2 protein chains.
Amino acid sequence: MHFSKTSEYAIRVLSYLHRHPTQPYSVAFLHEELNLPYKYLTKLMTQLHKKGLLNSIRGRDGGFTLALDADKIFLCDILEAIGEALESNRCILGFEKCDSSNPCALHNQWLKPKALLEDMLKNTSLASLHSTESIKF
Amino acid sequence: MHFSKTSEYAIRVLSYLHRHPTQPYSVAFLHEELNLPYKYLTKLMTQLHKKGLLNSIRGRDGGFTLALDADKIFLCDILEAIGEALESNRCILGFEKCDSSNPCALHNQWLKPKALLEDMLKNTSLASLHSTESIKF
DNA sequence: ATTTAATACTACCTTATGGTAGTATTAAAT
DNA sequence: ATTTAATACTACCATAAGGTAGTATTAAAT
Ligand code: SF4
Ligand code: SF4
């Protein structure tokens, strides 16, 4: 039970961009500031741009800015952009098919935590992430 | 956000063993019955035996049985046995250190889902998993 | 004693994720 | 026009998880 490194990186870097939404930041700068691997971050940023979450400005003095309002980007959007969308219907035990009219007991145990998780991912926006003005990133 | 294959396998196979706690089942049989990869399952069973969750009976007509009462084995015990214990204190964003007196907003969002997850893993026993008598395994 | 059916062990292969290297392309500044 | 600092692209490398192959060891049954 964990988030992937890539999703951690994406959340951290997007959250950082939100601090100064207008000014473009270069990957080199973000790499220094957030201590994330430079080349890997380049790939990730390009991917987020292709998915429409980032504006990219090429050439000298270029960089990336948020493409959308920070309160319109939710954690689930970020996960989807990097190909880690939550498969809500997937069986927690890896079964292909399941008669959901007769669920196993683990399924019932899983319902509540799963609902809260989905709630968190669907309703936590980038903007809300920074509401506390903590200086971690 | 997902369980590993290995943890799925472990939960499924242990749950199956609980159905007839006294009789030893061979890996070959479990492999057929649960449709899990034979050799990989062998490794997993040996590991679970070393961790004290299973009795192993070698030689002809051997196999594995539960080493403990099914209502004394909890999901978290299984995860720990396969080296996937939940690191409760790990930062969800991968930071090494964090001043928890000033948590970031994601942390607060994470508290409730995390608590429910831990509750599920700590309080769901093998025995309770099978209380509904569903025939999935 | 031999056969047989099981676990245990060692080593290797495959796939996905995470990460690196080098180069091409773009555009501002001079 | 040239330099410079940025993204974009292609290809490869490293690590961990998942999976396979072959053989040694064990113990019941005959
Ligand atoms: S009821 Fe059990 S077997 Fe069916 S999808 Fe849910 S966890 Fe899987
Ligand atoms: S408060 Fe934020 S930075 Fe600190 S441990 Fe929690 S998620 Fe990580």
Side-chain angles (χ1 to χ4, degrees), chain A residues 1-13 17 23-67 78-79 81-85 87 90 93-94, chain B residues 1-14 17 23-67 78-79 81-85 87 93-94:
Chain A
M1 290 305 284
H2 61 292
F3 282 99
S4 69
K5 291 268 186 192
T6 304
S7 64
E8 288 178 9
Y9 295 172
I11 294 171
R12 285 172 62 188
V13 77
L17 287 184
Q23 175 187 345
Y25 286 116
S26 72
V27 175
F29 174 81
L30 294 165
H31 152 67
E32 280 292 331
E33 199 71 359
L34 298 174
N35 202 33
L36 302 179
Y38 171 69
K39 287 287 195 178
Y40 194 67
L41 186 55
T42 302
K43 261 206 282 198
L44 177 56
M45 297 301 271
T46 301
Q47 189 179 1
L48 293 173
H49 167 238
K50 282 180 178 168
K51 294 293 184 178
L53 292 186
L54 291 178
N55 300 121
S56 102
I57 301 163
R58 297 184 63 163
R60 193 189 160 130
D61 292 343
F64 294 93
T65 61
L66 291 183
I78 301 174
L79 292 183
I82 62 176
E84 293 181 15
E87 308 154 76
R90 186 176 179 280
L93 290 182
Chain B
M1 291 307 285
H2 61 291
F3 282 99
S4 70
K5 292 266 186 195
T6 305
S7 64
E8 287 179 10
Y9 296 171
I11 293 170
R12 286 172 63 188
V13 78
L14 288 171
L17 286 184
Q23 175 187 343
Y25 286 118
S26 72
V27 174
F29 175 81
L30 294 166
H31 152 67
E32 281 291 332
E33 200 72 1
L34 298 176
N35 201 34
L36 301 180
Y38 172 67
K39 287 286 193 177
Y40 194 67
L41 186 54
T42 302
K43 260 205 283 196
L44 177 56
M45 297 300 271
T46 301
Q47 189 178 2
L48 292 173
H49 167 238
K50 283 181 179 169
K51 294 293 182 177
L53 293 186
L54 292 177
N55 299 122
S56 103
I57 301 162
R58 298 183 64 161
R60 193 188 160 130
D61 295 341
F64 293 93
T65 60
L66 290 183
I78 302 174
L79 293 183
I82 62 177
E84 294 183 12
E87 307 154 78
L93 290 182

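The figures that follow rest on heavy atoms only: side chains count, while hydrogens, waters and symmetry mates do not. Just so we're on the same page: letters track the sequence lines, and every chain starts at 1. These figures come from a predicted structure and were not determined experimentally.
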Can you confirm whether A:Leu44 sits close enough to A:Ile82 that some side-chain heavy atom of one is under 4.5 Å from a side-chain heavy atom of the other? yes

Within this structure, what is the OH-to-P distance between B:Tyr25 and C:dT7, rounded to whole angstrom? 14 Å

Return whichever of A:Ser26 or B:Tyr9 has its heavy-atom-nearest nucleotide of DNA chain D closer to the 5' end. A:Ser26

Listed partners of A:Ser26 passing side-chain contact (heavy atoms from CB on, under 4.5 Å), at least two apart: A:Ala28, A:Phe29

Produce a footprint string for nucleotides 23-30 of chain D: one letter per nucleotide, 5' end first; B if the base is under 4.0 Å from any protein heavy atom, S if only the sugar-phosphate is, - if neither. B-BBBBS-

Stems formed with participation of DNA chain C [Watson-Crick or G-U wobble, under 3.5 Å, three or more pairs]: C:1-30 with D:1-30

What pair of heavy atoms forms the shortest contact from B:Ser56 to B:His49, and how long is it? N-CD2, 3.7 Å

Can you confirm whether A:Thr46 sits close enough to A:Leu54 that some side-chain heavy atom of one is under 4.5 Å from a side-chain heavy atom of the other? no

Sequence-distant partners of B:Thr6, side chain to side chain donor-acceptor pair (under 3.5 Å), two or more places apart: B:Tyr40

Atom CG of A:Asn55 to atom C1' of D:dA8: distance rounded to whole Å? 16 Å

Between B:Glu32 (CD) and C:dA5 (P), how many Å, whole number? 15 Å

Would you kindly give the CZ-to-P distance between A:Phe64 and D:dA5, to the nearest whole Å? 18 Å

Could you tell me whether the side chain of A:Leu34 reaches within less than 4.5 Å of the side chain of A:Val13, counting heavy atoms only? yes

Tell me, please, which residues at least two apart from B:Arg58 pass salt bridge (Lys or Arg N to Asp or Glu O under 4.0 Å). none

Compare all side-chain heavy atoms of A:Phe3 with those of A:Leu79 and state whether any distance is below 4.5 angstrom. yes

Contact class for A:Tyr38 vs. all strands (heavy atom < 4.0 Å): base, sugar-phosphate, or nothing? base

Polar side-chain atom of B:His31 near backbone of B:Leu36 as donor-acceptor pair, under 3.5 Å: yes

Nearest to the A:Thr6 side chain among D:dG19, C:dG19, C:dG18, which nucleotide is it? C:dG18

Heavy-atom pair with the smallest gap, counting every atom of A:Ala67 and A:Gly52: CB-O, 3.4 Å

Taking atom P of D:dA14 as reference, at what distance in whole Å does atom NZ of A:Lys5 sit? 19 Å

A:Ala81 to A:Gln47 - nearest heavy-atom pair and separation: O-NE2, 3.6 Å

Starting at CD1 of B:Ile82 and ending at C1' of D:dA17, how long is that distance when rounded to a whole Å? 11 Å

Taking only heavy atoms on the protein side, list every residue of residues 43-52 of chain B lying under 4.0 Å from any atom of DNA chain D, sorted numerically. B:Lys43

Find the distance B:Leu30:CG to C:dT7:P and express it as a whole number of Å. 8 Å

What integer distance in Å separates A:Tyr40:OH from D:dA11:P? 19 Å

